[in-house]
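Everything numeric here is computed off the predicted structure, so don't read it as measured data. Just the heavy atoms: all of them, side chains too, but no hydrogens, waters or symmetry mates, feed the values below.
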Amino acid sequence: MAGYGSDDGFNAYIAALGHTLPSGAPAPAVLRQRGSDYLDALYNAPVDPKAPRFSGYPTNPLVQERAYPRTGATAYGSPIASDIIPTAIINASYAAAWHEANNPGSLAVAATVAGTLKRKKIDTIEKEYFEGSGNAAADATVRISAVEGLVAPFLTRAEVGSIYVV
């Protein structure tokens, strides 16, 4: 598998922001893979069907590893060629990779729907659990503002929400 972009592109991206990889961080290729996996998992096939997702569909879904390139994808209302990966998508994967470099394991969050124990009373065997929102996977998903901003134009319009003026 290969993450979006290239190692040189990732290094140039973080250098342009004035960053360097932290000591002991995985290789750029590993970070790019993790960042790309995060991006595709969150925006290509989200756990919450009401969550924003990439417009269009993978150009060759049976063999391509990544969500991009896509057929029928749009950005700012304009069609995107089915044979390109937009620079903003590549940069979003770099932003996620940078986050992973500084927060190892943060892009691979696991969650359970079981409640967290708040109180336990031994004498009469009473237990009380915290209430969740009902969607443990969505609650545990890491959201990175740099990624959100870069992918916003590529998400389905109907899912993002609209304001109608009458």
Side-chain angles (χ1 to χ4, degrees), residues 1-61 63-70 73-76 80-81 83-118 130 132-156 159-161:
M1 292 185 97
Y4 292 118
S6 66
D7 290 352
D8 289 340
F10 174 62
N11 289 326
Y13 176 84
I14 63 172
L17 295 173
H19 302 310
T20 57
L21 285 176
S23 177
V30 171
L31 292 169
R32 286 188 311 103
Q33 180 65 38
R34 292 178 187 174
S36 297
D37 286 348
Y38 165 82
L39 199 66
D40 288 352
L42 188 57
Y43 300 106
N44 189 40
V47 173
D48 182 356
K50 295 180 182 175
R53 57 183 297 135
F54 289 138
S55 62
Y57 52 90
T59 300
N60 198 348
V63 297
Q64 78 185 55
E65 297 174 11
R66 303 260 62 99
Y68 268 91
R70 296 178 81 74
T74 61
Y76 301 106
I80 300 169
D83 61 345
I84 68 163
I85 300 170
T87 302
I89 296 299
I90 295 169
N91 287 343
S93 73
Y94 292 165
W98 169 248
H99 180 85
E100 177 69 12
N102 289 282
N103 305 281
S106 64
L107 299 182
V109 177
T112 179
V113 294
T116 304
L117 186 62
K118 177 180 177 183
F130 285 101
S133 69
N135 191 343
D139 293 342
T141 302
V142 173
R143 298 291 183 156
I144 305 166
S145 60
V147 172
E148 296 277 318
L150 287 164
V151 301
F154 304 93
L155 301 178
T156 54
E159 297 294 334
V160 173

Nearest non-hydrogen partners of P26 and V30, listed with the distance: CB-CG1, 3.7 Å
Which atom of A96 lies closest to which atom of I144, heavy atoms considered: CA-CD1, 4.0 Å
From S6 atom OG to Y13 atom OH, the distance as rounded to the nearest 0.5 Å: 14.0 Å
Taking every non-hydrogen atom, the tightest pair across A88 and F154: CB-CE1, 3.6 Å
Shortest non-hydrogen separation from P58 to P61 and the atoms involved: O-CD, 3.3 Å
Interatomic distance, T87 atom OG1 to Y94 atom OH [nearest 0.5 angstrom]: 9.0 Å
Test log, rule side chain to side chain contact (heavy atoms under 4.5 Å, CB included), inputs N44 and R70: CA-CA 10 Å; N44 189 40; R70 296 178 81 74; 2.9 Å; yes
Results of ring-ring contact (aromatic ring centres under 6.0 Å, His included) for Y68 - residues two or more places apart only: F54
Min side-chain heavy-atom separation L21-L31 under 4.5 Å: yes
Side-chain heavy-atom pair P69, D83 within 4.5 angstrom cut-off: no
Salt bridge (charged side-chain N to carboxylate O under 4.0 Å, His left out): pairs with one or both residues in residues 3-21, sequence neighbours excluded: D7-R32
pair D37-R66: side-chain heavy atoms closer than 4.5 Å: yes
Any V142 side-chain heavy atom under 4.5 Å of H99 side chain: yes
Rounded distance [0.5 Å steps], CG in L150 versus CD1 in I89: 8.0 Å
Any W98 side-chain heavy atom under 4.5 Å of P22 side chain: yes
Side-chain heavy atoms of S36 within contact of E65, under 4.5 Å: no
Heavy-atom closest pair, residues Y4 and A67: OH-N, 3.1 Å
Shortest non-hydrogen contact between P28 and F10, atoms and distance: CB-CD2, 3.8 Å
